[in-house]
Amino acid sequence: MDKKQITGSEALLRTLIAEGVDTIFGYPGGQVIPLYDCLYDYSDRLKHILVRHEQGATHAAQGYARVSGKTGVVLVTSGPGATNTITGIADAMMDSTPIVVISGQVPSPLLGSDAFQEIDVIGITQPITKWAYQIRKPEEIAWAVSRAFYIASTGRPGPVVIDFAKDAQTGHVDYVYEKISHIRSYQPIPETEEESIAAAASLINGAKKPFALVGQGVILSGAEKELLAFLEKADIPAASTVLGLSAMPSDYPLNKGMLGMHGNVGPNRKTNDCDVLIAIGMRFDDRVTGNLQAYARQAKIIHFDIDLSEIGKNVAVDIPVPGDARETLAAVTRLLKPASHTEWIHSFTADEQEEYEKVIAREIHPGGDRRLRMGEVVRKVSDAAGADAVLVTDVGQNQMMGVRYFRYSRTRSVVTSGGLGTMGFGLPAAIGAQEGAPDRTVCLFTGDGGLQMTLQELGTIMQEKLNVKIIVLNNHYLGMVRQWQELFFDKRYSATTMENPDFVAIARAYGIRSRLATTRGELDESIAEMFESDTAYMLVADVETQGMVYPMVPAGAAITHIILEREEVTRN
C-alpha cells in the first residue's frame with residue numbers, strides 16, 4: 001500500500017499504472033491541462049497517442065482492447081471533447097468492448113452554471129455505459145478509477161466514463177490505492193445451476209442434428225480451447241456471428257462459416273434444419289435471426305451467456321446456461337458422450353458447393369477484363385498477409401467482403417463495428433489494433449465513404465509511424481446503401497454517388513506510401529509492394545462501381561430466404 005500526498009492528476013495516473021495501463025488515446029484541452037501536465041512526467045510509463053479527433057480516440061481504444069484483451073483508455077477534455085466520444089462509447093456498449101473514457105470537467109464550484117465548455121457528461125453517457133461517475137474530490141480518484149476498470153473489464157465488458165472536475169485534478173490527496181475486485185451491488189458472473197449444465201448435456205447427447213452458434217462471448221471469456229473441445233467431443237458443426245469469427249480458425253473442420261444477413265448459405269439454412277441449436281456468447285441479433293417468427297422453430301434451443309438479460313430476450317430458450325462460457329462449456333463437455341454426426345455435417349456440402357459456384361468463385365476469381373471485384377482484393381491481400389494477420393474493417397460492403405473473404409488462424413483477429421455499424425470506425429480502430437498487437441500485421445479494409453469520416457487519423461499514423469496496411473475499396477458509391485437501393489428501391493440512387501478526392505495524393509501528403517490499382521496486374525504489384533514495406537501503406541483499389549455483396553437475406557425475411565445473385569431478386 002502506497003501513501004503519499006500528491007495532486008489528483010498524479011493520483012489518477014498512478015492508478016492507471018496500477019491497473020496495468022500502458023497506452024492512452026487522447027486529445028488535450030482546457031479542462032484537462034493539469035492532467036496532461038502531469039502526464040509529461042509519466043511519459044516513460046504511459047504512452048500517449050495523440051489522435052486527431054476524440055471519436056478517433058474511442059475507436060482506437062476499442063481496436064486496442066479487441067486485439068489485446070486489455071481495457072482501452074481514452075483521455076479528453078470537457079464540452080465538445082467529451083461529446084465527440086459519444087459514438088465510440090455507444091459502439092463499445094453495443095459490442096461489449098471494455099474502455100474507460102476519462103473526460104475533463106469544469107471546476108466543481110462552476111457545475112450547473114453553463115460555464116465555458118461545460119456539458120452534463122454523466123447525463124448524456126449513462127444510457128450507453130456500464131457505469132458513469134463524476135469525480136469532484138481528489139479523495140475519490142483511486143477508488144473511482146479502480147472501480148471503473150473492474151466494471152469495464154468484468155462480466156459482459158463495456159465502456160465506463162469518468163468525468164473529472166478540474167479542481168479535483170489540481171487538489172492534493174493522501175494517495176492510497178486499493179484494487180477493487182468486488183462490488184456488493186454488482187454480480188458480473190451469474191450463478192450456474194448444475195441442473196442447467198446437466199440438462200444441456202442431456203439434450204446435446206440426444207441430438208441428431210446439433211448446430212452451434214458462436215458469438216464474441218467465447219473470445220471475451222477466453223474460451224476458445226473449451227469451445228473446440230466441446231465441438232469435437234460431440235462432433236458439432238458451428239458457425240460464427242461477425243464478432244465471433246476468430247474464435248475458431250478459418251480452416252477448422254467444424255467451422256462452417258458466418259451467420260446472418262451476408263453469412264454463408266449452409267449455416268443460415270441449417271439453422272432452420274437442426275434439432276438442437278446451441279447459442280454460445282451471442283445475443284440473437286436481428287441481422288443473425290432475420291424474421292423471428294420463422295427462426296429455428298423446429299429446434300430445441302440452449303443459450304450459454306454471461307448476461308442474463310440476453311437469455312430469452314429475442315428468442316425463447318429451452319435451456320438457459322448462465323455463466324462464464326469458459327466454465328460452462330467445460331462443465332457441459334465433461335458430461336457429453338463422444339458422438340459422430342458425419343451425415344449431418346456432410347449435409348452442409350451441397351450448400352457450400354452452391355454458394356461457391358454462384359457467389360464465391362465469381363467474386364474471387366472473376367477473370368476477364370472486367371474491373372476489380374471487392375472479394376478478390378480481400379482474398380489476395382489475405383493470402384499475402386498470412387493467417388496471423390489482424391483484419392480491421394470499416395462498415396458497409398467493405399466490411400462484409402472483409403469478414404467473408406479474409407482468413408485467420410488466431411483468436412482476436414477480427415476488429416469491426418458490429419451492433420452500431422459505425423462508419424469511420426475502421427481507420428482509428430486499425431491504429432489501436434496496431435498499438436495493441438505490434439507484432440502482428442494489421443490490414444484495414446475501408447470504403448471511400450467510411451474512410452472520409454475519420455480521414456484525419458492518417459495524421460496519427462504519420463506521427464506514430466505505425467505500420468498499418470490500408471486497403472481502400474473505392475467504388476465511388478456509398479456501396480451498401482446503393483445495394484439496397486438497387487434491390488429494394490427500384491434503382492433510385494438517392495444521395496449515394498460519391499465524387500472522391502485523390503486518395504493516393506492525400507496519403508502521400510501524410511507521408512504514407514500509396515498506390516492506385518485499377519487492373520489485376522497493378523493489384524498484384526501493389527500488394528507485393530505493400531507487404532515488402534515496413535511502414536504504413538495505402539492501396540487504393542478501383543473496384544467495380546455496382547458490386548454486390550451476396551449472399552443476402554433481405555431485412556425482415558426468414559433466414560432461409562437467401563438471395564445468391566441479381567437474377568433472383570423480385571420485388572414484393
Side-chain angles (χ1 to χ4, degrees), residues 13 16 21-33 35-37 39-40 42-43 46-68 70-92 97-104 117 121 125 159 161-162 164 390 392-395 415-417 420 422-438 442 444 446 450-468 470 506-507 509-512 536 538:
L13 298 182
L16 292 181
V21 175
D22 54 23
T23 305
I24 299 172
F25 302 92
Y27 203 98
Q31 302 300 343
V32 79
I33 288 178
L35 188 47
Y36 269 90
D37 180 66
L39 184 61
Y40 188 88
Y42 279 78
S43 59
L46 290 168
K47 182 178 182 179
H48 182 272
I49 308 297
L50 177 64
V51 296
R52 298 308 188 258
H53 189 281
E54 291 88 353
Q55 180 180 343
T58 57
H59 295 327
Q62 289 176 271
Y64 176 90
R66 296 269 284 274
V67 300
S68 69
K70 300 174 68 175
T71 300
V73 179
V74 175
L75 178 58
V76 298
T77 193
S78 64
T83 58
N84 282 343
T85 67
I86 299 303
T87 298
I89 294 169
D91 195 288
T97 305
I99 64 172
V100 172
V101 177
I102 302 164
S103 61
Q117 293 190 332
V121 173
T125 60
V161 166
I162 296 292
F164 198 6
V390 175
V392 182
T393 82
D394 205 85
V395 166
V415 179
T416 192
S417 173
L420 198 62
T422 304
M423 288 182 68
F425 173 89
L427 185 58
I431 291 170
Q434 189 68 82
E435 286 290 344
V442 173
L444 163 67
T446 182
L451 176 64
Q452 292 181 81
M453 287 194 169
T454 50
L455 184 67
Q456 69 275 4
E457 297 306 333
L458 291 175
T460 306
I461 291 176
M462 174 182 66
Q463 184 165 340
E464 296 298 327
K465 298 178 174 56
L466 296 172
N467 185 13
V468 176
I470 306 165
I506 290 174
Y510 281 100
I512 297 171
M538 179 186 286

In chain order, what residues pass the side-chain hydrogen bond (donor to acceptor under 3.5 Å, both in side chains) check against [X], with sequence neighbours excluded?
{"X": "Gln456", "value": "none"}
{"X": "Gln452", "value": "Asn500"}
{"X": "Gln55", "value": "His59"}

For [X], what residues pass the side-chain contact (heavy atoms from CB on, under 4.5 Å) criterion, not counting sequence neighbours?
{"X": "Val121", "value": "Ala82, Ser103, Gln105, Ile119, Thr125, Val161, Asp163"}
{"X": "Pro80", "value": "Thr83, Gln117"}
{"X": "Ala92", "value": "Gln62, Thr97, Ile99, Pro159"}
{"X": "Tyr27", "value": "Leu50, Val51, Glu54"}

Quick check: closest heavy atoms across Pro28 and Thr77, and the distance to 0.1 Å?
C-CB, 4.4 Å

Return the minimal non-hydrogen interatomic distance between Val74 and Thr58, and the atom names on each side.
CG2-CA, 3.8 Å

Using the salt bridge (Lys or Arg N to Asp or Glu O under 4.0 Å) rule, collect all pairs that involve residues 424-437, keeping only residues at least two apart or in two chains.
Lys47-Glu435

Please examine the side chains of Ile102 and Ile24, heavy atoms only from C-beta on, and report whether any two atoms are closer than 4.5 Å.
no

Residues two or more places apart in sequence or in another chain: which of them pass salt bridge (Lys or Arg N to Asp or Glu O under 4.0 Å) with Asp22?
Lys70

Could you grab the distance from atom CG of Asp394 to atom OG1 of Thr446, nearest 0.5 Å is fine?
4.0 Å

First locate atom CG of Leu75, then atom CG of Leu46, and finally report the distance between them rounded to the nearest 0.5 Å.
10.0 Å

Indicate yes or no for a side-chain donor-acceptor contact from Arg52 to the backbone of Thr454 under 3.5 Å, with no hydrogens or angles considered.
no

Under the rule for ring pair (Phe, Tyr, Trp, His ring centres under 6.0 Å), what residues qualify as partners of [X], not counting sequence neighbours?
{"X": "Tyr36", "value": "His48"}
{"X": "Tyr64", "value": "Phe25"}
{"X": "His53", "value": "none"}

